[in-house]
Amino acid sequence: PLCKQLSNILIPRDGCATLNDAEDSKAESDDAKAEKKSPSNFEDVFQRLLTRGTCVGKKESGSYSEIGQKALADFGSHLMQAMAVPWDRSTGSRKKKYRRWHPSIQRWDYEEEDDSLTSEAPTTVRSILRLFRQQHIAWAAVGHSAAASEAAVRGVEEVLPFGSFSKTDEPWPGYESGKDNDPMVQELTRTMAGAAGLLEVLIFEMSVQLSGTTPDFDGSEPSAIGKCLADILCGYSWSIDMKAAQGGGANLMERERLTLWSQITALMSAMPCHVARDGMLSQRHEARAAAAEMWVSRGLGTNSDVSGEPPVPLAVKQLFQDATPRLPDIEPNWGSLTPFANEDSPSQIPFRPAVATAFLYMPLLAWDLNTLAGAVFSSILLDRNEFPDSEDILNCARLLITGRMIQTLITPHGFDSIDGMEIDEEDEEGRWDQTEFQKEGEALAKLYSHCRTRVLMGSMDSDGNVMYGGSVVPSPANLFGNVGRSILPFARSIILMMRACSAAVKNRNRKKGSDTEVSSNSAKILESVLSGTETMTTNDGMFIVKEMKAPLPSEIIVNSGHWWRIVNRWVTAAIGLEKHHGSRGKSVLQDLYSFPDSGEDDDQKMSVFDSQSYNTPVARTKENHEGISSAESSALQGTATGNSS
């Protein structure tokens, strides 16, 4: 219900964050453009696309508009206000108890002030965590606005004299005639452009607030946020290095690096990433989360028992309990506050603001993909000198919808029982050749078996071939149909976001007087997908995958292909996260250090998956709330989260 308040928020115009630099943008040479357009491999496409507009040099820092920044700051504040309940959530004795808490843990996110507590770590995070939350809400507003539109006309039951049937229709009926001038397109385009502008302000504020007294506008390195998003899409994660480290295969420095990542991942696995402060999470747990953010932001370490500082979060403390030999301590000032990406941060060295908010280090398969899609399509609009073309928009959509397919396969009850219906005859007619249908169904069954086997085994091997489990899919045709229906809602939402992104690019080209995009094969594919005459009326999500020219299962399972590499990295990153459970002290540290044999098999100890029902990062169960003593409620001034869902 809080999302209804978004309609009352004034969205700043596109491009208001910076002054008009149209003349400078035209000066870019053709050689520079050609250099940017030649990535060495498929993963580099996304690395370039999501980081190219995030560099802040002296020229960029001087082009920011104070009025525009103020408008976007108000936009972010209104977003945050809209996502919080307007009434007082505490009454009577509880209100008196909450007043005794430190102000830092009474807010949604930890925020440093001038009278902040003293610490051995420099207090330079300031208001960055609040801006991160605003950005997360803006991304969710983009994704879920599209999702709400498509859901309103999908599976609507119509009653006729001869019976009733379920109908799926075009959510924007005026799009075919109005195209980019359709009011629904313009509304989502404004929201997407607002999210992009908010990201511009966040990147600038990070450069100012995290760089000390003298901001360094070097301009040679992209923002850590763009790098984190690109790594999420490509599946790059610290857990990929665990394969080489298992069995003593890592040197001391590498083992210490992986140990730190495992320790903070235990915390991130328990950190709330909600975008609505609607009372579903108790104030006690919100305070624990804010205390954990405070501990992370200040880089206190595990030996910082300074009076007035938050203690070590429960999720981290549990790792050290009964561990033999004793694990290395987390040193003060661990990680990095560098706002720009380099060869170490944020991929090798944890970026503390991203750890505190957790969502930028979540694997792709752990995301609400509507929110991630909103993040991707708004972030590629950041570069005002080189706009994304049709191929760029299609590549983002292809990768996201492939991610949704894999997420469906590994999530418990991610799709209907494989004993259910096949593809509807109306959808299948003329859209799938029988040979192709059988081929893709069998390939999907192999992909399902591979993903499920890896999940159940807890395998961290991202380089292996197709793995087959003991269970055999009885009907590949049913599996193909049910997975297609499962990914249909997200596929339709993706098309709406592609329309908005394409409209934003065309608007910017018109403002700069640029010619429209040269007709190409990618442009024709994009136009066909966006038209919606076929894609928005089908009940088969796999048909939309086919129309986008996204990889079908037979292409994904090719061992030498880039899609196989990416999918395996996604699964490895998700398994790495699932091996951690904050309040129970579970982690991958057993693979790095020698532990006494408890008579329990390593796979049994480490894997949090069960053959009948296994947790996924996207849907934590109430199991995370176990192991919390009632006495902890009296120590909220410093107790950090370790068990929030």
Side-chain angles (χ1 to χ4, degrees), residues 231-232 235-243 245-246 255-273 288-289 292-293 295-296 302 312-323 327-328 330 334-335 350 352 354-367 410-412 454-460 462 569-593 595 600 602-610 614-628 640-645:
D231 286 350
I232 289 170
Y236 296 142
S237 167
W238 67 272
S239 54
I240 294 175
D241 299 327
M242 282 298 300
K243 178 190 173 184
Q246 289 174 343
R255 189 169 64 171
E256 289 180 351
R257 182 182 74 85
L258 294 176
T259 297
L260 175 60
W261 273 109
S262 183
Q263 289 167 333
I264 64 172
T265 300
L267 174 60
M268 289 190 290
S269 71
M271 184 70 74
C273 296
R288 291 168 64 90
E293 288 182 339
W295 181 85
V296 171
T302 51
V312 179
L314 174 65
V316 178
K317 192 182 301 182
Q318 289 290 89
L319 295 176
F320 291 84
Q321 187 174 359
D322 300 329
L327 301 176
I330 300 179
W334 58 271
R352 293 211 300 267
V355 174
T357 50
F359 62 89
L360 285 176
Y361 278 130
M362 288 295 105
L364 181 140
L365 300 180
W367 271 77
I410 71 166
T411 302
R454 282 202 59 194
V455 163
L456 294 176
M457 291 178 59
S459 170
M460 306 284 280
S462 302
R569 288 198 296 266
W570 287 344
V571 176
T572 298
I575 292 173
L577 176 66
E578 280 300 305
K579 283 178 176 286
H580 295 80
H581 191 300
S583 61
R584 292 194 171 183
K586 289 188 176 182
S587 69
V588 297
L589 296 175
Q590 287 90 333
D591 294 335
L592 294 173
Y593 296 90
F595 283 76
E600 188 179 17
D602 284 344
D603 289 337
Q604 186 179 359
K605 287 193 302 183
M606 296 298 297
S607 179
V608 299
F609 297 101
D610 181 80
Y614 44 91
N615 265 344
T616 60
V618 81
R620 291 276 177 178
T621 68
K622 63 182 180 181
E623 178 188 34
N624 280 23
H625 294 277
E626 296 178 10
I628 306 167
T641 186
N643 60 341
S644 299
S645 64

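Numbering starts at 1 and runs along the sequence shown. This is a predicted model, so every value here is computed, not measured. Computation of the quantities below employed the complete heavy-atom set of this structure, encompassing side-chain atoms and omitting hydrogens, waters and symmetry-equivalent molecules.
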Within the side chain of R288, is there an N or O that forms a donor-acceptor pair under 3.5 Å with the backbone of P313? no

Using 0.5 Å steps for rounding, measure from the CG atom of L267 to the OH atom of Y361. 13.0 Å

Under the side-chain contact (heavy atoms from CB on, under 4.5 Å) test, which residues partner I240, sequence neighbours left out? S462, R569, T572

Report the residues that fulfil side-chain hydrogen bond (donor to acceptor under 3.5 Å, both in side chains) with R257, sequence neighbours left out, ordered by chain and then residue number. D241, E254, Q348

Value for CE (M242) from CG (L258), rounded to nearest 0.5 Å, stands at 6.0 Å

Would you confirm whether Q263, through its side chain, and P328, through its main-chain N or O, come within 3.5 Å as a donor-acceptor pair? yes

T411 OG1 to L365 CG distance, which is reported to the nearest 0.5 Å: 7.5 Å

Ignoring hydrogens, what is the shortest heavy-atom contact between G235 and W570? Give both atom names and the distance. CA-CD1, 3.7 Å

Closest contact, heavy atoms only, A266 versus A315: O-CB, 3.6 Å

For W238, which residues count as a side-chain hydrogen bond (donor to acceptor under 3.5 Å, both in side chains) partner, sequence neighbours excluded? T265

If we only count heavy atoms from C-beta on, is the M460 to I575 side-chain gap below 4.5 Å? yes

Contacts of S239 that satisfy side-chain hydrogen bond (donor to acceptor under 3.5 Å, both in side chains) - sequence neighbours left out: S237

Verify, without hydrogens or angle tests, whether T302 (side chain) and I330 (backbone) share a donor-acceptor contact under 3.5 angstrom. yes

To the closest 0.5 Å, what do you measure between CG (D591) and CZ (R255)? 12.5 Å

Starting at CG of L319, measure out to CD1 of I264 and round the result to the nearest 0.5 Å. 11.5 Å

For I232 and P363, work out which heavy atoms get closest and say how close. CG2-C, 4.5 Å

T259 meets the side-chain hydrogen bond (donor to acceptor under 3.5 Å, both in side chains) criterion, sequence neighbours left out, with Y593

Taking every heavy atom of M271 against every heavy atom of A292, the minimum-distance pair comes out as CE-CB, 3.8 Å

What pairs with A356 under side-chain contact (heavy atoms from CB on, under 4.5 Å), at least two apart in sequence or on another chain? L129, E293, V296, S297

Ignoring hydrogens, what is the shortest heavy-atom contact between W367 and F359? Give both atom names and the distance. CZ2-O, 3.0 Å

Reported CG-to-CG distance for the pair L592 and L327, which is rounded to 0.5 angstrom: 9.5 Å

